[in-house]
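Have a look at the structure below, then the notes.
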There are 2 protein chains.
Amino acid sequence: MSTSERLIESTRELLWERGYVGTSPKAILERAGAGQGSMYHHFKGKPDLALAAIRRTAEEMRATAAGVLDGPGTPYERIEAYLRRERDVLRGCPIGRLTMDPDVIASDELRAPVDETLDWLRERLAAIVEEGQEQGEFAPWLDGEEIAAAVVATVQGGYVLARASGSPTAFDAGVRGLLSLLMTAAPKDRPARPS
Amino acid sequence: MSTSERLIESTRELLWERGYVGTSPKAILERAGAGQGSMYHHFKGKPDLALAAIRRTAEEMRATAAGVLDGPGTPYERIEAYLRRERDVLRGCPIGRLTMDPDVIASDELRAPVDETLDWLRERLAAIVEEGQEQGEFAPWLDGEEIAAAVVATVQGGYVLARASGSPTAFDAGVRGLLSLLMTAAPKDRPARPS
DNA sequence: GTCTATACAAAGATAGAC
DNA sequence: GTCTATCTTTGTATAGAC
């Protein structure tokens, strides 16, 4: 792997673990096994390197989510697959956590990939909900964008609950709670007791 | 206000705005209008002062939430009141945001008030859901703790979505989405179109 | 209790040798 | 392209005067 690649990958890891303000160039260089000169040769500085790292993480996250959301199954099943997908819950979301970083929020450039990724996710989920409504799987009076926002928020907030308690339990509980509501909110009668 | 009070209040503000790793003693002292000596006279250091600040913020958050949750109305109405309560959405949750702070999560002492507050909130909401089930307002097969986790997660995640996009819109959408599901999931027929 | 002075490591970046 | 100085400011804390 090239030095520039190692710098980006090390930055991605550190941004995930410690956020932007908590990540120093020095820590990045140590992890990448590179000297100061390399970093300032390939990148203009910390914000420039962080931007490259965030963009790559955003791309990856979209690809992962798309893999589940474009998969087989009914709309409900695809949303369930997204919610139940294997996650390293206690690590949190590498994109969502950046929204708590004051320097990221203060910079339109750094915030853009974060915003675009979460926005894309909401739109994708909203389309699936609407698809489910056409097929009679979801009640017609639900609003696709609102349900989508609730789904993404449950995941992002689930990370908060899990990290607060030091256990993934609350994340899983929130997901199950939302799924039980989604299933119950079907227009036709379904098995009364969601699994 | 005493110097010690001003130090705690300044720390509370900065922790909310910039988190623990993003807040320096120097910034606290400047905001409090105090010198170095004062801070190290009243507190052992940054973690000790932060602990006092976090505890106070946690207490305040509990009191605010209790004010709404113990208020009048049916269980559904009280949950709705909690979700729709006026918030400075773009500032985020002063307690929840700390879960993204590596130094807070690494310290059991700093994490404890965060954990206890969110845990208390979930338990309180779970009890209200169960109360609603007894009254026939919520479907009996829902799990109170799961619904409570979904409610708190929607709020915490709503902050993430709002901050990512720089607008409270997505927070409100998530709340409306969750409320529409909660209302639809009532066991008896209700007005088909939730407001 | 509060202040200033001092200390020393780390953050973030530049300069210039190789 | 990479490395090692060097530089300035900030982070965090202690010491001691008032």
Query - ILVMFWY clustering at 4.5 Å (side-chain atoms), partners of A:M1 - result: none
Query raised in the report: Quick one, which residues of residues 8-19 of chain B touch DNA chain C with a heavy atom under 4.0 Å?
Result: none
Query - For A:R85, salt bridge (Lys or Arg N to Asp or Glu O under 4.0 Å) partners two or more places apart - result: none
Expected list for residues 112-120 of chain A: side-chain donor-acceptor pairs under 3.5 angstrom, two or more places apart:
from   : atom 1 : to     : atom 2 : distance (Å)
A:T117 : OG1    : A:P113 : O      : 2.7
A:D119 : OD1    : A:R122 : NH2    : 3.0

Query - Reading 5' to 3' through nucleotides 3-15 of chain C, protein heavy-atom contacts under 4.0 Å coded B for base, S for sugar-phosphate only, - for none - result: BB-----SSSBB-
**Report entry** All pairs passing salt bridge (Lys or Arg N to Asp or Glu O under 4.0 Å) where residues 163-180 of chain A contributes a residue, at least two apart
**Finding:** A:R176-B:E146
Query raised in the report: Does B:L49 sit in a hydrophobic cluster with other residues, and if so which ones, taking ILVMFWY side chains as linked at heavy-atom separations under 4.5 Å, directly or through other members?
Result: B:L7, B:I8, B:L14, B:I28, B:L29, B:M39, B:Y40, B:F43
Query raised in the report: NE2 of B:H41 versus C1' of D:dG16: gap in Å, rounded?
Result: 15 Å
Query raised in the report: Is NZ or CZ of B:R91 both nearer than 6.0 Å to the six-membered ring centre of B:W16 and within 45° of the ring axis?
Result: yes
Query raised in the report: What salt bridge (Lys or Arg N to Asp or Glu O under 4.0 Å) pairs are there with at least one residue in residues 62-73 of chain B, not counting sequence neighbours?
Result: B:D70-B:R124
**Report entry** Spacing between B:D48 atom CG and D:dA13 atom C1', to the nearest angstrom
**Finding:** 14 Å
Requested in this report: Among Ile, Leu, Val, Met, Phe, Trp and Tyr joined by side-chain contacts under 4.5 Å, find the other residues sharing a cluster with A:L90 and list them by chain and number.
Outcome: none
